Chemist: 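Next up is a structure, given as structure tokens.
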Amino acid sequence: MEVRIVSFLAAGSPSPRFHRAVTTIAPGGSLPYRASAWRDAIVLVDRGSVEIRTADGRLFGFDSGDVLWLDGLPIRSLRNPGSVPAVLVGVSRRVTDPF
């Protein structure tokens with residue numbers, strides 16, 4: 001089952017009903033958390049690693065192959081602690097999908 005999830009996320013848009021977005025974080029770089037960027041998305045750490053800092057200052061680390069849900073969480077920022085670019089692939093339903 002895990003292989004199917006990774007294939008579904010890493011490949012191009014699997015269907016017109018879904019939207020695929022790729023976010024790259026440079027080595028040592030960080031991004032502020034914007035809830036709208038992750039709304040309704042399943043997120044794959046496709047390459048590299050990422051640290052998520054929560055609103056209360058805790059850090060959680062994730063590596064290539066991990067699948068995340070970032071929607072609605074108390075996140076402050078995402079940071080790449082590694083020496084290679086971190087690539088996050090998010091797949092969400094298109095707004096027009098009646099489901």
Side-chain angles (χ1 to χ4, degrees):
M1 179 71 111
E2 180 179 342
V3 172
R4 294 170 111 191
I5 291 171
V6 170
S7 296
F8 172 79
L9 293 173
S13 291
S15 154
R17 299 169 84 185
F18 294 92
H19 173 74
R20 180 177 175 265
V22 177
T23 301
T24 302
I25 306 173
S30 66
L31 296 175
Y33 176 76
R34 286 187 7 254
S36 62
W38 308 106
R39 188 162 293 123
D40 195 38
I42 296 171
V43 180
L44 168 69
V45 180
D46 190 43
R47 277 183 252 140
S49 59
V50 66
E51 288 179 338
I52 295 176
R53 182 174 298 275
T54 63
D56 64 4
R58 290 185 290 166
L59 281 175
F60 296 91
F62 301 94
D63 295 315
S64 180
D66 289 343
V67 177
L68 314 172
W69 178 262
L70 303 176
D71 188 11
L73 299 176
I75 297 171
R76 183 184 309 160
S77 64
L78 294 91
R79 179 171 118 54
N80 176 357
S83 59
V84 298
V87 178
L88 305 175
V89 178
V91 175
S92 59
R93 293 176 289 186
R94 292 202 182 270
V95 177
T96 58
D97 187 6
F99 182 71

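All of these numbers come straight from a predicted model, not from anything done at the bench.
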Chemist: Flag yes if more than 12 heavy atoms outside Arg47 fall under 6.0 Å of its CZ atom; otherwise flag no.
Modeler: no
Chemist: Could you check Phe60 against Leu68 for side chain to side chain contact (heavy atoms under 4.5 Å, CB included), going step by step and ending with a plain yes or no?
Modeler: CA-CA 11 Å; Phe60 296 91; Leu68 314 172; over 6 Å; no
Chemist: Please check: side-chain N/O of Tyr33 versus main-chain N/O of Ile52, any donor-acceptor pairing under 3.5 Å?
Modeler: no
Chemist: Less than 4.5 Å apart, side chain to side chain, heavy atoms only: is that true for Val22 and Val87?
Modeler: yes
Chemist: Picking from Val43, Ile42, Asp46, Thr23, what satisfies side-chain contact (heavy atoms from CB on, under 4.5 Å) with Val89?
Modeler: Asp46
Chemist: When rounded to the nearest 0.5 angstrom, what distance separates CZ in Arg58 from CZ in Arg76?
Modeler: 11.5 Å
Chemist: Distance-only, no hydrogens or angles: does the Asn80 side chain make a donor-acceptor pair with backbone N or O of Gly29 under 3.5 Å?
Modeler: no
Chemist: Shared ILVMFWY cluster between Leu73 and Leu78, side chains joined below 4.5 angstrom?
Modeler: yes
Chemist: Please name the pair of heavy atoms, one in Asp71 and one in Asp40, separated by the smallest distance, quoted to 0.1 Å.
Modeler: OD2-N, 3.0 Å
Chemist: Check Ser64, Pro81, Ser83 against Ser49 for a side-chain contact (heavy atoms from CB on, under 4.5 Å) and give me the one that passes.
Modeler: Pro81
Chemist: Hey, what do you get for CG (Asp66) to CG (Leu44), rounding to the nearest 0.5 Å?
Modeler: 8.5 Å
Chemist: Which heavy atom in Pro85 sits nearest to a heavy atom in Pro27, and how many Å separate them?
Modeler: N-CG, 3.8 Å
